[in-house]
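Below: the structure, in structure tokens.
For the single chain, residues carry numbers from 1 onward in sequence order. Side chains included, hydrogens not; waters and symmetry mates left out as well; all remaining heavy atoms used.
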Amino acid sequence: MSQTLLLPRWLLSMKPGEDTLENHGLLIEGERIAAVGPRDDLIAKYPQAMRVELPEQILIPGLINAHAHSAMTLLRGVADDVPLMDWLQNHIWPLEKKWVSEEWTYLGSKLAAAEGLRSGTTYINDMYFFPTAMARAAVDSGVRAAVSMNVIDFPTGYASGPDDYIAKGVAAYEQYKGETLLDWTSAPHAPYTVSDETFIKLRDLAEKLDIQMHCHIHETAGEVEDGIKAHGVRPITRLDKLGLFSERMIAVHMVHLNEAEIELMAKKGVHLVHNPNSNLKLASGVMPLKALEAAGVNTILGTDGAASNNRLDMFGEIRSAALLAKGITGDPTVASARTALEMATIRAAKAMGRADDLGSLEVGKLADVVAVSLDSIECQPVYNPAAQLVYVAGREHVSNVWVGGRQVLKERQPTTIDVPSLLAEACDVVGRMKAG
């Protein structure tokens, strides 16, 4: 079995209780981490291993983007500076109805995979239509993805209604079952697009297949107000009565929460995805991170889609999460650098049901590893490498990435994707969209 010995200046395993290690290395054997230890010891013990010297670089676990709409890279910048429902109803949904297809979704998802790799993202919790296209794009790109069986209650170019969405999602799941790069989610879009009956079907589907759920909830104040008008209760109360909340649920946005709802999330073990930059851009609000942390809720991070962010940049989300929590509470101790990094790694792995083999650099776990270079003038000097990752470094400092022991980014260039051909194809598609 092939062995690769990574030899950085620093190693931040994200293992609970372990600080940054200096002059340590990491041995990859096959698809897993076989050893972590002092540099000289590993060199002596594994002389046959291929060595990769990474001077002035830090190794971290692959970042997990806990909420994305990958295919929407092809809609990046089509509608900026408008409120959420205007953005959806008057811009995004009409374009999707006209253009979204299997191949469109594959192309957009592959663009997102390439952008993600150059940002240190090795796992994408995706939500979109045409799950076979999402699955193909992830596998072809060599990244991990949780592919959604996405459902809304109205017809699109993908499906005619809830039962059709579910049937097509299950067929895709069966087609790709066993693919090691893929997980699956049961994904009702949101309380304002999904009926009680459909929510129950998707709850039961998640339990039957033993998979996670993935849903937008309480993104805007208007959503909450409209939910009360339509159902007589706040959306969270409605979904709780339907039995939606458990450790399976990955609840996205969760901006507008009262104290009782925060307590409920903690009690039920729900995982909450903070999307700081998308929520800022759409003026949706800011997740109450300090209160959620105090309650013991598992909070994690995602980019949302490129049409609303407009970057798939997990380093940007990590930094924004740390700074926003401090700024809105007046408490500089909230969302420490370590906490922000946990939200994109070990906590996110727990949310995806993958804590046993992802989220930290530990022996026996899958070798999803990111190298970040701290040797540039804007990253020097280095006093605290972990804090440097959050407050100084950016995605442009990601140098190399491995997924399951396979190098998928080498000196900032994807090894699995023909980038010039991909960009040419995207330009062609976008040109046709602009022409109408």
Between [X] and [Y], what is the shortest heavy-atom contact and its length?
| X | Y | answer |
| --- | --- | --- |
| Ala386 | Leu341 | O-CD1, 3.8 Å |
| Ala340 | Ala322 | CB-CB, 4.2 Å |
| Ile300 | Ala351 | CD1-CB, 3.5 Å |
| Ala113 | Ile124 | CA-CD1, 4.5 Å |
| Ser141 | Leu117 | O-CD1, 4.1 Å |
| Lys350 | Ala355 | CA-CB, 3.9 Å |

Determine whether a donor-acceptor pair (N or O, by modelled atom type, separation under 3.5 Å) exists between the side chain of [X] and the backbone of [Y].
| X | Y | value |
| --- | --- | --- |
| Glu207 | Asp204 | no |
| Gln212 | Ala187 | no |
| His271 | Ile250 | no |
| Glu31 | Gly405 | no |
| Trp184 | Lys177 | no |
| His24 | Glu22 | yes |
| Asp126 | Ser70 | yes |
| Gln380 | Leu374 | yes |
| Glu29 | Ala35 | no |
| Lys268 | Asp240 | no |

Exercise. Applying the side-chain contact (heavy atoms from CB on, under 4.5 Å) test to Arg338, which of Leu12, Val390, Thr20 qualifies?
Worked result: Leu12
For this session: Report the residue from Asp368, Ile64, Leu63 that forms a side-chain contact (heavy atoms from CB on, under 4.5 Å) with Thr345.
Result: Leu63
Hey, are [X] and [Y] close enough for a salt bridge, meaning a charged N less than 4.0 Å from a carboxylate O?
| X | Y | value |
| --- | --- | --- |
| Glu102 | Arg136 | yes |
| Asp183 | Arg144 | no |
| Arg347 | Glu293 | yes |
| Arg118 | Glu115 | no |
| Glu53 | Arg39 | yes |

For this session: Only one of Gln57, Glu411, Arg412 passes side chain to side chain donor-acceptor pair (under 3.5 Å) with Ser399; say which it is.
Result: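 When Gln57, Glu411, Arg412 are each tested with Ser399, the side chain to side chain donor-acceptor pair (under 3.5 Å) holds only for Gln57.
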Please tell me if the side chains of [X] and [Y] come closer than 4.5 Å, counting only heavy atoms from C-beta onward.
| X | Y | result |
| --- | --- | --- |
| Val273 | Asn125 | no |
| Val382 | Glu56 | no |
| Val100 | Thr156 | no |
| Ser186 | Leu209 | no |
| Glu96 | Leu75 | yes |
| His274 | Thr299 | no |
| Val36 | Leu26 | yes |
| Val370 | Ile58 | no |

Exercise. What pairs of residues pass the ring pair (Phe, Tyr, Trp, His ring centres under 6.0 Å) test when at least one of them lies in residues 34-67, not counting sequence neighbours?
Worked result: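 Checked against ring pair (Phe, Tyr, Trp, His ring centres under 6.0 Å) - neighbours excluded - the pairs reaching residues 34-67 are His67-His69, His67-His214, His67-His216, His67-His253.
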[Y] and [X] side chains, donor-acceptor separation under 3.5 Å:
| X | Y | value |
| --- | --- | --- |
| Asn275 | Glu219 | no |
| Glu103 | Ser101 | no |
| Lys110 | Tyr106 | yes |

For this session: For atom NZ of Lys15, decide whether the heavy atoms of other residues, nucleotides or ligands shown that lie under 6.0 angstrom number more than 12.
Result: no
Exercise. Can you list the residues that meet the salt bridge (Lys or Arg N to Asp or Glu O under 4.0 Å) rule with Asp331, with sequence neighbours excluded?
Worked result: Lys290
For this session: Please step through side chain to side chain donor-acceptor pair (under 3.5 Å) for the pair Asn65 and Thr303, ending with a clear verdict.
Result: CA-CA 7 Å; Asn65 185 349; Thr303 60; 2.8 Å; yes
